[in-house]
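What you see is a predicted model; the values in this text were computed from it and never measured.
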Amino acid sequence: MFKMSSIKPALIAGTLAGLLTQGSLAYAQEDLAHAVKGIVKHVDHDAKKITIKTADGTEHTIKYTDHTAIRAGKAAARVPADTWLGTKEGSNVVVRYTETAGEKTAVAIRDVAKDTEKAVK
């Protein structure tokens with residue numbers, strides 16, 4: 001037969017392992033990459049944030065950093081995101097971002113204006 005004293009440590013260890021696993025899964029799920037396609041409505045250079053308006057009218061405000069990759073056509077642009085975004089209000093873009101604790105941070109921004117023109121023709 002099992003003694004209570006041998007079951008308690010196993011029960012505590014199992015509970016802790018379960019809690020740690022759930023916590024790490026929740027953290028991993030929060031850091032997944034997402035994408036949004038729409039028109040650049042506004043660029044706030046001071047706050048380093050862009051507002052994207054999607055086809056259904058939803059607006060997404062996403063911060064960008066010095067590490068945000070810029071894709072123009074098939075090549076990566078070699079200019080800082082802040083400089084490149086300065087000329088993009090009104091442009092069609094796809095923004096890939098991560099979301100952690102409710103804050104969206106752009107990983108990559110791609111200008112899809114040429115793709116849109118091709119699709120329309």
- Smallest separation among heavy atoms of Val95 and Ala106, with atom names: CG1-CB, 3.9 Å
- Item | By side chain to side chain contact (heavy atoms under 4.5 Å, CB included) - contacts of Lys104 (at least two apart) | His60, Ile62, Tyr97, Glu99
- Query: Could you give the distance from CD1 (Ile50) to OG1 (Thr61), rounded to the nearest 0.5 Å?
  - Reply: 9.0 Å
- Minimum heavy-atom distance Arg96-Ala35, with the two atoms named: NH1-CB, 3.4 Å
- Message: Restricting to non-hydrogen atoms, name the atom on Lys37 and the atom on Val94 that form the minimum distance, rounded to 0.1 Å.
- Response: CG-CG2, 3.8 Å
- Item | Value rounded to 0.5 Å, distance of CZ in Arg110 from CG in Asn92 | 11.5 Å
- What about Val40 and Val36, same hydrophobic cluster or not, with Ile/Leu/Val/Met/Phe/Trp/Tyr joined at side-chain heavy-atom distances under 4.5 Å? yes
- Would you check if Ile52 and Val93 make a side-chain contact, meaning some heavy-atom pair closer than 4.5 Å? yes
- At what distance, to the nearest 0.5 angstrom, does CZ of Arg71 lie from CG of Asp111? 12.0 Å
- Taking the side chain as C-beta and beyond, is there a heavy-atom pair between Val43 and Lys88 under 4.5 Å? no
- Query: If you measure from CG on Asp82 to OG1 on Thr65, what distance do you get to the nearest 0.5 Å?
  - Reply: 11.0 Å
- Heavy-atom pair with the smallest gap, counting every atom of Asp66 and Lys48: OD1-NZ, 2.7 Å
- Rounded to the nearest 0.5 angstrom, the OH-CD1 distance for Tyr64 and Ile109 is 8.0 Å
- How close do Lys41 and Glu89 get, heavy atom to heavy atom, and via which atoms? O-OE1, 3.8 Å
